[in-house]
**Q** 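So that we are looking at the same thing, I have put the structure below in structure tokens.
Residue numbers start from 1 in every chain, and the chains themselves are labelled A, B, ... in the order their sequence lines are given, proteins ahead of strands.
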Amino acid sequence: MSWTTADPMVSLKDVHKSFGELKVLNGVSLDVMKGDVICIIGPSGSGKSTLIRCINALNDIQQGSILVEGQEVNDPKVDKLELRKKVGMVFQQYNLFPHKTALQNVMMAPVRVLKQDKVKVEEVARALIKKVRLEGKENAYPGELSGGQQQRVAIARSLAMQPDVILFDEVTAALDPETVGEVLQTIKDLAEDGMTCILVTHEMAFAREVADHIYFTDRGVIVEHGPPETFFQNAQDPRTKEFLSQIL
Amino acid sequence: MSWTTADPMVSLKDVHKSFGELKVLNGVSLDVMKGDVICIIGPSGSGKSTLIRCINALNDIQQGSILVEGQEVNDPKVDKLELRKKVGMVFQQYNLFPHKTALQNVMMAPVRVLKQDKVKVEEVARALIKKVRLEGKENAYPGELSGGQQQRVAIARSLAMQPDVILFDEVTAALDPETVGEVLQTIKDLAEDGMTCILVTHEMAFAREVADHIYFTDRGVIVEHGPPETFFQNAQDPRTKEFLSQIL
Amino acid sequence: LDTIKERGTLIVGTKADYKPYGFLDTSGAVIGIEPDLAKDVADKLGVDIEFVPVVSSNRMQFLEQGKIDLMIATMTDKPDRREVVLIPDPNYYSSGTNVLAPKSLGLKEWEDLRGKPVCGIQGAFYNKATSQTYGAEIVAFKGTAEAYSALKGGNCAAFVYDDSAIVAKAAEPEWADYEMPLQTIDDAPWGLAVALGEENFAQMMSDMIIEWHKTGRILELETKWGVTNTPFAKAMHDKYK
Amino acid sequence: MKYETDLPVMLPLKRHQSAPFPGLKSKHILAVALIAIIGPCVAFAQAPSGQESPLTVLLNWAPLLLKGFIFNLIISISAMAFGTAIGAILGLGQISLIAATRHSSWFVTQFFRNAPWLVLLFFAMFLLPFEINVLGFKIPFPDWLKAILGLSLPVMANVSEIVRGAVRSLPSGQWEAAESLAYTRMQTLWLIILPQCVKRMLPPWMNLYSILTMATVLASIVGVSEVMTLTGQALASEGGRPELLAPFYGFVLLLFFIYCYPIARFTVWLEKKYAVIN
Amino acid sequence: MEMVYEWFRTLYQETGINLPFLYDEYDRNRMIDGLFTTIKLSLVCLFFSIIIGVIGAWLQGSSFKWTRRFVSVYIQLFRNTPPLVQLYFFYFAIGTLLPRVENDWGGQSPIFGSFAWAAISLSFFAGAFNVEIFRSGIEAVPKSTVEAAEALGFSKLQIYRDITLPLAFRVVLPALNNNLVNLVKTTTLAYAIAVPEMLYEANQIWSDNVNVTEMMVFLLLAYFVLVGILVSGMNRWERAMKIPGYG
Ligand SMILES: Nc1ncnc2c1ncn2[C@@H]1O[C@H](COP(=O)(O)OP(=O)(O)OP(=O)(O)O)[C@@H](O)[C@H]1O
Ligand SMILES: Nc1ncnc2c1ncn2[C@@H]1O[C@H](COP(=O)(O)OP(=O)(O)OP(=O)(O)O)[C@@H](O)[C@H]1O
Ligand SMILES: [Mg+2]
Ligand SMILES: [Mg+2]
């Protein structure tokens, strides 16, 4: 039973996860097809970050299954490195390597992890930096870049690994309002290029514009989901309604 | 030529001050009469703090004169301690003494510096703490108080020296929005009691309400000044206009 | 001398790390040949005795300072020292410089030491001679314990030291594989000393030393502390007999 | 304008607050003591028959060595007291307003901080007179006193730096607030600054004490009768038997460990405690 | 050069200030050897103590309880006992327990001489401090930065080598430099086991020439300069290692 592009790229089935006593995910199921852009929204502490981290095996799960390209993530035997080559991740706090320039940040993983040729990687990296509109900042250190610029370098760094799917965890939450736009634009470009994206975000307008499907989580379960139009206009569940009324 | 209460309490004439190469004050003149409340506003780096620190002789000046109750501040022969007994100061960062309780913070200077009787000072100090609405917090250490509470202790500490004029340097800038109000109320009470106050602030609404006169500084000069109504409604100088348009 | 009698105690400076001439017992008391000699002096004077451990670098200053009344501390009698302290004649003991070396090394002459590491004691006057004249590489330690360990540990080929101590050492069973193979050099007498100006005391000590030689006290003590009788002690005994 | 960063890595080093010595308890000290006893046992195996076992020999000497160790402690406490007193003055000199005082205090501090302890000890040993004349009285300068002086030199320099560092570490707002309340400089220093510094100075000061205690054995090199000297003399008295070295030096190590380890634990505890409050 | 030597000889004759290592060739060679030994010993110890620090910090972060314990015991033992006694213990006690090798003068000598033992002992001593220093640096590296590397597929070792260590290193540089300066000062202890370093040679010279005062002053100055050079070098290094945009 090998995976084909017709199967879901990422598929969660009845995922349970707790930190000690605290149950964070209580049976989450969702499917993401190739090229899909899905947004996960929900109140703080509802388990969004945990969900997304589980997909990248940064957290393990207690029950259920997570398949990425048909492969079980939570299997202790699975090659985590192989998995992570397929799945990119961008964090809220950018987490660039402060001792490396923007270019080096982008180049490092392909060179070190994928053992690709340095010259070729550099070419690709420069192209990516251009793509996130940071020409001229190649040799700047993260400390010399604004938050929005850092976040775009982080996105380029993820892209350099040529992942099949990218996870974004509230990537604009730590940014000042002026630079949020730049980063969202970059993500939008990606989505339009057909990249499979899973986004956790609080930017409702953006979610509405870019998402193919929206999931609303609360207390570790998916309360409601649907395409943006129906979701925002016809929310059924009272919790969703309340949340939307606060946010919008 | 002795000073009378009809003369300005604080009088600056053509004050110049630079830090090395950097010119921070370029000829500032202003007069403050007894009982006046004046507010100094202006963009960051325009020299507001420096101005106010010069009045308290925390910085020296290169040119011009600063008179407090008719006495030249910048004269090396002047008794700085005598001057500082007349001039109180409250800082943005409260600067309470962390190893002393609120009450001790207030009592210390009168007892140690003015050599007043401890019992009487304690009475006054308790009254002052009550005045800044902190009854019951007498024995709390600064670390146990919120920012707003600390700032009010700092004000009480200044008042305990019975100064003739108090300088406030952005005393609410480091506070969270909820506690700003408490501190502003305290200052308003003071102003209403007839205390001479020189305030640096970014709280326009407050300045409008409490000030007798408003000064706008930019790049080390006073660009414009006037009573609040005219100042806020009829600003003439383009820089003032721009600043007000951004802030309001 | 009067002050000693008045005080009722004789304060003597001796070595504390120089077995068998002066060393510690487990209670911290100083014992050995020299302390025994000092006790004789105290007995003669009819006073108590107190020992102050000294090292080569401070022993003469202690005497000058009046911190000790008498110094019997393996000090080689040298003219320049006689300028600083009063050394009564005759000498009570003597030793020269020699080396302790493993028998397997087969040393024959001092020249054989050239280029080899040789243990020594820091501050000993023969270090420079050994290294400059015979080309040995001196590895100097603070005390004898370290030097003996270094020798046994093979860190040096030989240990250059006072011959009398070496004789005693080589006699011990665990040092059976070691020998004192060379001709003793720099043989020089030891002098005990009192402070300058203490003529009476010095006179008394002269008499005591002659007495010690005459009665064979030195030889007796050598035997008591496990040293084979040295030629100097024998010669002096014969001389004064 | 600094960009927001969650990278404490680039901020000044904060004392790490994790468990200082993870999982190290008194039972581990016992294990250490055990090793010190195994040492002699290993040595015992080599001891030629007919001699006392190294363990017995060590036990015979132990009381004397302990006495010597107490002497080490006396030296350390005296040198600490002395060095702290002078060092505090020197440290205050370093923050003096008078440029000459400040610079000379700084120079003295740096000079003695850069010099190795052992060299300073030699320096005191050989260059101080054996006695000094004060008003016709001869005050003798015994070796142990010189050792104390020699060891208090580096202590002084380090205390000076500790004082300066602690004063510097206080926010300048404290000085300014006091100044604006008309405190004199002296009052500011004694009432406001120094009381706050004591807490900050305590951990590095105790650390220094620990280092000093361990440095007292250096006095053996210059012939003071402390524990290492006595150990050497004891070994000499036992005829320089090589198999005795491990147990004897092991014993000295153990003595110091038992004394210094609790101090280190306490220091870390203090550091943590104050780190939370401030 | 000769003129300088002569000048110092004259200085001695006329003022009694005796600096034999400046005019006497034998003493000069001794002093120069001493200086080089001090430098060599310092460099060797610097190198190994850093290696020990890096490995120790890594082991202390390991998931095996016993390696962590072992490292802790090592640190506490070496931190809380006098380095001089450690030196004696290594040189005399451990040294004699190790196997011997045949040497060129036909005897049996230990595999390690006094220099080697001084290097070993002092490296372990300074290393114990370095482990703690590196450990605190590693803890200062944000977990999220490590996670980012993990998410990029870096292996554990790669993360330690490429991310954690370089960052930790910069954080701890001031503390590390401080410790290394102390280490250089501590090399004087090697004197006690007759490593012919500067203090030892100076001692030999003053024993032979009875010029303690001059030698003492010279020694103090020499160390002042040596340590001063080291400190300024370290400061320069600190500045060079600073990442643009931070601190
Ligand atoms: N490593 C952890 N150990 C223990 N509890 C954790 C851990 N990580 C997260 N949690 C808890 O799990 C719950 C869900 O956290 P999560 O970060 O997934 O929420 P979130 O939906 O991303 O919230 P936010 O919008 O604030 O980022 C929270 O209550 C959180 O405190
Ligand atoms: N001690 C100092 N040394 C050198 N430059 C200084 C010093 N204090 C202030 N400056 C400089 O003087 C200028 C004016 O500073 P000042 O603090 O008076 O501005 P401000 O109007 O109070 O600004 P803000 O609103 O940000 O507090 C700034 O450019 C500042 O960098
Ligand atoms: Mg989250
Ligand atoms: Mg300001």
Side-chain angles (χ1 to χ4, degrees), chain D residues 2-3 5-18 21-24 28-29 31-32 39 42-43 110-111 113-120 122-123 126-127 210 213-218 220-221 228 231 242-243 245-250 252-254 256-257 259-261 263-264, chain E residues 60 65 68-69 72-73 75-77 79-86 88-89 92-94 96-97 132 135-137 139-142 144-145 167-168 170-172 174-175 181 184-189 191-192 199 203 206 212-213 216-217 219-220 223-228 231 243 245-247:
Chain D
K2 258 197 201 155
Y3 294 113
T5 168
D6 71 323
L7 291 166
V9 67
M10 291 303 113
L11 302 176
L13 176 59
K14 279 191 220 115
R15 297 236 112 236
H16 68 116
Q17 264 144 52
S18 69
F21 318 132
L24 205 60
H28 298 104
I29 303 181
V32 170
V42 171
Q110 292 308 316
F111 188 83
R113 242 165 61 96
N114 277 7
W117 291 57
L118 187 53
V119 175
L120 288 177
F122 269 113
F123 183 78
F126 291 125
L127 297 190
S210 193
T213 307
M214 294 190 279
T216 53
V217 290
L218 298 183
S220 70
I221 296 181
M228 269 302 263
T231 306
E243 74 274 13
L245 290 159
F248 270 73
Y249 291 127
V252 178
L253 284 175
L254 186 68
F256 277 93
F257 185 79
Y259 185 73
C260 293
Y261 181 69
I263 296 180
Chain E
Q60 219 183 22
K65 195 167 81 188
R68 287 201 307 269
R69 286 249 166 98
S72 300
V73 168
I75 293 173
Q76 295 314 322
L77 264 184
R79 280 194 66 143
N80 294 307
T81 52
L84 178 67
V85 188
Q86 291 168 20
Y88 270 67
F89 192 81
F92 290 120
I94 310 280
T96 48
L97 296 178
E132 289 209 314
R135 188 80 219 127
S136 69
E139 271 159 23
V141 175
S144 55
T145 305
L167 288 177
R170 286 166 166 89
V171 177
V172 300
V181 168
V184 171
K185 290 193 275 175
T186 314
T187 56
T188 47
L189 298 195
Y191 163 87
L199 178 59
N203 183 305
W206 83 54
V212 181
T213 316
M216 245 14 273
V217 172
L219 259 187
L220 277 175
Y223 275 103
F224 186 68
V225 170
L226 207 62
V227 175
V231 168
I243 304 169
Y246 294 94

**Q** Looking at every heavy atom in both E/P82 and D/L253, which two are closest together, and how far apart are they?
**A**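 That closest heavy-atom pairing would be O-CD2, 4.4 Å.
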**Q** Taking the six-membered ring for Trp, are D/F122 and E/Y191 parallel (under 30°), tilted (30 to 60°) or perpendicular (over 60°)?
**A**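 Rings of D/F122 and E/Y191: perpendicular, as their planes differ by over 60°.
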**Q** Testing the basics here: between E/F89 and D/A246, what is the closest heavy-atom pair and its distance to 0.1 Å?
**A**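 For E/F89 and D/A246, the tightest heavy-atom pair comes out as CE1-O, 3.4 Å.
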**Q** Please classify the contact of E/V85 with chain D as side chain, backbone, both or neither, using a heavy-atom distance under 4.5 Å.
**A**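 E/V85 touches chain D through backbone and side-chain heavy atoms alike.
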**Q** Take D/M228 and E/Y88 through the side chain to side chain contact (heavy atoms under 4.5 Å, CB included) test and state the conclusion after the steps.
**A** CA-CA 10 Å; D/M228 269 302 263; E/Y88 270 67; 3.8 Å; yes
**Q** Please classify the contact of E/L189 with chain D as side chain, backbone, both or neither, using a heavy-atom distance under 4.5 Å.
**A**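 Answer is both: backbone and side chain atoms of E/L189 are under 4.5 Å from chain D.
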**Q** Assess the residue pair E/N80 and D/F256 against the criterion (side chain to side chain contact (heavy atoms under 4.5 Å, CB included)); give the C-alpha distance rounded to whole Å, side-chain angles, the decisive distance to 0.1 Å, and a yes or no.
**A** CA-CA 7 Å; E/N80 294 307; D/F256 277 93; over 6 Å; no
**Q** Could you tell me which portion of D/L218 (side chain, backbone, both or neither) has an atom closer than 4.5 angstrom to a non-hydrogen atom of chain E?
**A**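 For D/L218, the contact with chain E is made by backbone and side chain together.
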**Q** Could you give the distance from OH (D/Y261) to OG1 (E/T81), rounded to the nearest 0.5 Å?
**A**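 Rounded to the nearest 0.5 Å, the OH-OG1 separation comes to 13.0 Å.
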**Q** I'd like to know whether E/L220 forms a side chain to side chain contact (heavy atoms under 4.5 Å, CB included) with D/F111, so could you lay out the CA-CA distance, the side-chain angles of the two residues, the decisive distance to 0.1 Å, and finally the verdict.
**A** CA-CA 8 Å; E/L220 277 175; D/F111 188 83; 3.9 Å; yes
**Q** D/V119 versus E/M216: any side-chain heavy-atom pair under 4.5 Å?
**A**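 Sidechains of E/M216 and D/V119: in contact.
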**Q** Kindly compute the distance separating CG (D/N114) from NZ (E/K185), expressed to the nearest 0.5 Å.
**A**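 D/N114 atom CG to E/K185 atom NZ measures 6.5 Å (nearest 0.5 Å).
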**Q** Sort out for me which of D/F123, D/F248, D/W117, D/Y249 touches chain E most, counting heavy-atom pairs under 4.5 Å.
**A**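 So the answer, after comparing D/F123, D/F248, D/W117, D/Y249, is D/Y249.
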**Q** Supply the atom-to-atom distance D/M214 CE to E/R79 CZ, rounded to the nearest 0.5 angstrom.
**A**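 Nearest 0.5 Å value for the CE-CZ distance: 7.5 Å.
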**Q** In terms of heavy-atom proximity below 4.5 Å to chain E, should D/S220 be classed as side chain, backbone, both, or neither?
**A**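 When you check distances to chain E, only side chain atoms of D/S220 fall under 4.5 Å.
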